[in-house]
Amino acid sequence: EGHTMKPSERARLTAAIGTGLFAHLAASYLFRGSWAAAALAGLVTGVAAGGVLRRPGSGAAASVASVLAVSLAAALAGSAGDAAAFGRAVLRLAPLALASSLTAAAAGSAAAWAFARRGRALELTTAAALALIVAGMWTTAWGAAHRDSVLGPSTSRQLTAIPDMTQQRDADLYIRITQLMREGEGYYSAAMTARQEASPEEPVESGGAVRFRLPTLFWLWAASPLPPPATFIGGLLAIGTAAVLAAYALGRTLAPPPIALASSACVAAAFAAAASRTTVAFSEWWAGALVLCSLAAWALHLSRDGDRTWLAAAAGLALAAALTRELAAFALVGGFGAAWLSDRRDGRRRKAAWALSLALFAAAYAAHFAVVGGGAMLGGGLEPASWLRSPLDRASVVLAEGDRWLLGTPLLSAVAAALAAAGLLAGRNRDARLATVLLPAAVFLLIGPSGSLAAGEPAVALGYWGGLVKPSLWALLPAAAGLLVPGRRRKGLGPTPRSSGA
């Protein structure tokens, strides 16, 4: 733009392009298949990338650079190193890339202008972008879940039909339990029946309590007056919408609004992928959304001078997550630890809130454990050695969980997770509540379930536990990009700036 860029301007431009890259990866998954869809993807990309900058020209350039980089990466990923295939991929993607680039340039320039002036323009731009992201998540997931594929019937049909239990797939087990409960059976009776149908030769009580999910989510599914597709798919998308908004709220405590929007887009893409497959019946994604909402509520509690409403919401949402999937109890432990490390005057109230949630969860799980029969936690056929195999394979599947929208490239999943962790730690965040998200992510890379993807197939490391932490890791991505933006405080959570766009 006619002058030599200062180091602060280069840092801001780097943050803008990085933000645009992830925004376009997510948006091109949410909006795909036509020129109009590509234009919408470019619109989201332009708002996210251009909004980081203050100059319209730089905003347009950063937005277009993000679109072109993702388009080339998509062509490379689809060509598998074959030059001719790469050329065909480039030609095929060129019209869509052009449509995205044009709208990204316009949106990037306008966003740079709007975010520089704040006020009503910033408020309307943010709201419109969030609405577009949520609409894309619902449209993409709902459409994909109702389409048959060469691999089998649609997800909606699988949720309605009686599953083939001989395949011994976890999703079939959960769907069958819900069907039996809708026919009048209680949860524990239905769980025993479904397990017996899946493995007639295996005692249903083998494995103890770890083989039986908590009944909370199953009660809700069975009590729903809606048909199974609307209950499962619509339910996960509804809680995913809350997670998308929570990602923005959490991101705003760590970075400027456009970077928080990019994280919202990433979370939306992850839930769109999860809701379009039978993973919709896995409690990990439902609990993962609640963990993210709890994190956002805690961040708002800290940034609003200890607001009691957000404290109650944080502890309550973490309790709901743990009751949905007991492994999510790490959120309760993290909140309680953070309350003990708190040096504020209301530390006693915080400790009491988290202690109450922990006590309620302990009581609920003790009751569940007693009803199941009190079997040994790792007894009756569960071999501990099967939970400690091939850390590299396990790391790959955990980090890639829910990231089908990342061009099918596990490396991008690892890079994104590393950026989220590095940004949070580099920001010297003194609040242990957020740092505890990283602990289960690290543990899941080493310890977790193994099993067969189909009957008769060899056992492999399974990464579905990743659904508990991946939404939160995506929401924490602004912690990395925000460090590059000049003027941002690097000490973690603090009072949110009281601008109209906060």
Looking only at heavy atoms, what is the nearest atom pair of [X] and [Y], with distance?
| X | Y | answer |
| --- | --- | --- |
| V47 | P258 | O-CB, 3.7 Å |
| A62 | L13 | CB-CD1, 3.9 Å |
| V52 | T19 | CG2-OG1, 4.3 Å |
| T409 | A77 | OG1-CB, 4.2 Å |
| A97 | V67 | O-CG1, 3.9 Å |
| A99 | W35 | CB-O, 3.9 Å |

Atom pair [atom1] ([X]) and [atom2] ([Y]), whose distance is rounded to the nearest 0.5 Å:
| X | Y | atom1 | atom2 | result |
| --- | --- | --- | --- | --- |
| L411 | S396 | CG | OG | 10.0 Å |
| S66 | I17 | OG | CD1 | 6.0 Å |
| C266 | L406 | SG | CG | 7.5 Å |
| T216 | W219 | OG1 | CH2 | 6.0 Å |
| S28 | L407 | OG | CG | 7.0 Å |
| L68 | L93 | CG | CG | 11.5 Å |

Would you please test W298 and L250 for side-chain contact (heavy atoms from CB on, under 4.5 Å) and show each step? CA-CA 9 Å; W298 181 255; L250 178 58; over 6 Å; no
Other residues, nucleotides, ligands: >12 heavy atoms within 6.0 Å of R54 CZ: no
Would you say [X]'s side chain and [Y]'s backbone share a donor-acceptor pair under 3.5 angstrom?
| X | Y | value |
| --- | --- | --- |
| S109 | A106 | no |
| S63 | G59 | yes |
| T279 | A274 | yes |
| S101 | V64 | no |
| R252 | A255 | yes |
| S294 | L290 | no |
| T103 | A39 | yes |
| S283 | R325 | no |
| T140 | L30 | yes |
| Q158 | P153 | yes |

For a quick test of your reading: what N or O donor-acceptor pairs under 3.5 Å do the side chains of residues 231-244 make, sequence neighbours left out?
| from | atom 1 | to | atom 2 | distance (Å) |
| --- | --- | --- | --- | --- |
| T231 | OG1 | R182 | NH2 | 3.1 |
| T231 | OG1 | S224 | OG | 2.8 |
| T231 | OG1 | L226 | O | 3.0 |
| T231 | OG1 | P227 | O | 3.1 |
| T241 | OG1 | W138 | NE1 | 2.9 |
| T241 | OG1 | L237 | O | 2.8 |

Among W221, Y174, F271, F218, find the one that has a ring-ring contact (aromatic ring centres under 6.0 Å, His included) with W286. W221
Residues which pass salt bridge (Lys or Arg N to Asp or Glu O under 4.0 Å) with R157, listed by chain and number, not counting sequence neighbours: D148
Can you sort out the partners of Y464 under ring pair (Phe, Tyr, Trp, His ring centres under 6.0 Å), two or more places apart, ordered by chain and number? F282
Could you verify whether a donor N or O on one side chain and an acceptor N or O on the other, from R12 and S58, lie under 3.5 Å apart? no
Go through L462 and V397 one step at a time and tell me if the side-chain contact (heavy atoms from CB on, under 4.5 Å) criterion holds. CA-CA 7 Å; L462 302 177; V397 296; over 6 Å; no
Find out whether [X] and [Y] are in side-chain contact, i.e. whether some heavy atom of one side chain is under 4.5 Å from a heavy atom of the other.
| X | Y | result |
| --- | --- | --- |
| L419 | F22 | yes |
| E401 | E284 | no |
| T160 | P229 | yes |
| T324 | L214 | no |
| Q179 | P163 | yes |
| V469 | V291 | no |
| L468 | F444 | yes |
| L40 | V44 | no |

Specify whether W474 and W405 have parallel, tilted or perpendicular ring planes, treating 30° as the upper limit for parallel and 60° as the lower limit for perpendicular. tilted
Parallel, tilted or perpendicular, judged at 30° and 60°: which one describes the rings of W142 and H146? tilted
Take V280 and L159 through the test side-chain contact (heavy atoms from CB on, under 4.5 Å) and record every step on the way to the result. CA-CA 10 Å; V280 71; L159 292 170; 4.2 Å; yes
Hey, mind stepping through F31 and L132 against side-chain contact (heavy atoms from CB on, under 4.5 Å) and telling me if it holds? CA-CA 10 Å; F31 306 100; L132 190 60; 3.7 Å; yes
